Amino acid sequence: MNKAIFEVLEKLEKQSSLEKSRQVNVSSDERMLAITKETGELLNMLIRLKNAKNMLEVGMSVGYSTIWCAEAIIENNGKIITIEQNAKKIQRAKENFQNANVSEHIAIQEGLAMQILQELSLNEDYKVFFDFVLIDADKENVIEYFDMILPMVSVGGVIVTDNMLYPEKYRESMKEYSSHIQAIQNVRTITSPIGNGEEITIKLR
Ligand SMILES: C[S@@+](CC[C@H](N)C(=O)[O-])C[C@H]1O[C@@H](n2cnc3c(N)ncnc32)[C@H](O)[C@@H]1O
């Protein structure tokens, strides 16, 4: 991993750890709420295994997960479209992307995920386009997000969803989410205990 990316990830890991252990007082809308390092490594590895080029992320925050993915996507000459609604976090993400030298591979879509996903799904260019997706925004709409995203995923494409097991307050609704996916014919899915629990779904046809 190159030095610039490593240093930004390391800085964000320290910040995330301080926030999780409540050693710093950060208002709820400014918290990173990032994936774990282990999940970052998993995403990076899956992108490499798949040779994924076109990635969609729902829920960027300050860009920790995006940078983990960008590190692999760049090697595949790919690009990431990432969605975030919080303007302050977008500003911090832009700085992090610049410091990590990954900005040119990332297009930020600012606004509400539901609206942006609707726009993307109406665009013919994005039909069966994405080969790797991370869903990590609000949990209330996660089933709708999945259903909107699936037609935009190519055959063999992978969708990873964070927070399947933790925090516990999401556990019941994420179980429903997993059951929803299991009932869909053209996908195969597993819930992995890595990090905060990752649903890993592959589109079969
Ligand atoms: C769990 S955090 C994402 C963490 C990020 N994936 C990481 O690991 O670094 C969820 C993010 O989704 C954003 N978000 C929540 N609901 C959203 C919505 N409806 N539309 C767009 N962004 C949303 C929040 O502002 C927050 O930054």
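Since this is a predicted model, take the numbers as computed values, not measurements. The figures here come from the full heavy-atom set of this structure, side chains too, leaving out hydrogens, waters and symmetry mates. Counting convention: from 1, in listed order, for ligands and their atoms alike.
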Hey, which atoms in ligand 1 end up nearer than 4.0 Å to a heavy atom of [X]?
{"X": "Ile35", "answer": "7 (C), 8 (O)"}
{"X": "Asp138", "answer": "15 (C), 16 (N), 17 (C), 18 (C), 19 (N)"}
{"X": "Ser61", "answer": "3 (C), 4 (C), 5 (C), 27 (O)"}
{"X": "Met60", "answer": "5 (C), 9 (O)"}

Contacts table for residues 104-129: side-chain donor-acceptor under 3.5 angstrom, sequence neighbours left out:
unit_1	atom_1	unit_2	atom_2	d
Ser121	OG	Leu117	O	3.0
Ser121	OG	Gln118	O	2.9
Asn123	OD1	Asp125	N	2.9

Seminar exercise, completed: A student comparing Asn96, Thr39, Asp136, Ile67 should find that the heavy atom closest to atom 6 (N) of ligand 1 comes from Asp136
Problem set entry | Nearest neighbour of atom 11 (C) of ligand 1 from the list Gln85, Arg31, Glu84, Lys89, on a heavy-atom basis | Glu84
Give me the nearest non-hydrogen protein atom to [atom] as residue plus atom name, then the distance to 0.1 Å.
{"atom": "atom 9 (O) of ligand 1", "answer": "Ser65 N, 3.2 Å"}
{"atom": "atom 1 (C) of ligand 1", "answer": "Leu33 O, 3.0 Å"}
{"atom": "atom 20 (N) of ligand 1", "answer": "Ala113 N, 2.8 Å"}

For this session: Before signing off on this row, confirm whether Gly59 and ligand 1 have an N or O atom pair separated by under 3.5 Å.
Result: yes
With rounding to the nearest 0.5 angstrom, report the [atom1] to [atom2] distance, [X] to [Y].
{"X": "Asp136", "Y": "Asp162", "atom1": "CG", "atom2": "CG", "result": "4.5 Å"}
{"X": "Thr39", "Y": "Asn44", "atom1": "OG1", "atom2": "CG", "result": "12.0 Å"}
{"X": "Met60", "Y": "Ile80", "atom1": "CE", "atom2": "CD1", "result": "11.0 Å"}

For this session: Take Lys89 and Glu30 through the test salt bridge (Lys or Arg N to Asp or Glu O under 4.0 Å) and record every step on the way to the result.
Result: CA-CA 7 Å; Lys89 288 185 176 181; Glu30 289 188 24; over 6 Å; no
For this session: For ligand 1, indicate whether the residue Tyr145 contacts it via side chain, backbone, both or neither (heavy-atom separation under 4.0 Å).
Result: side chain
Problem set entry | Nearest atoms (heavy-atom pairs only) where Thr82 meets Glu57 | OG1-OE1, 2.6 Å
For this session: Answer yes if Phe130 and Ile202 sit in the same cluster of Ile, Leu, Val, Met, Phe, Trp and Tyr residues linked by side chain heavy atoms under 4.5 Å apart, and no otherwise.
Result: no
For this session: Answer yes or no for Gly111: is there a heavy-atom contact with ligand 1 below 4.0 Å?
Result: yes
For this session: List the steps, then state whether salt bridge (Lys or Arg N to Asp or Glu O under 4.0 Å) holds for Glu84 with Arg92.
Result: CA-CA 12 Å; Glu84 174 57 54; Arg92 285 165 66 193; over 6 Å; no
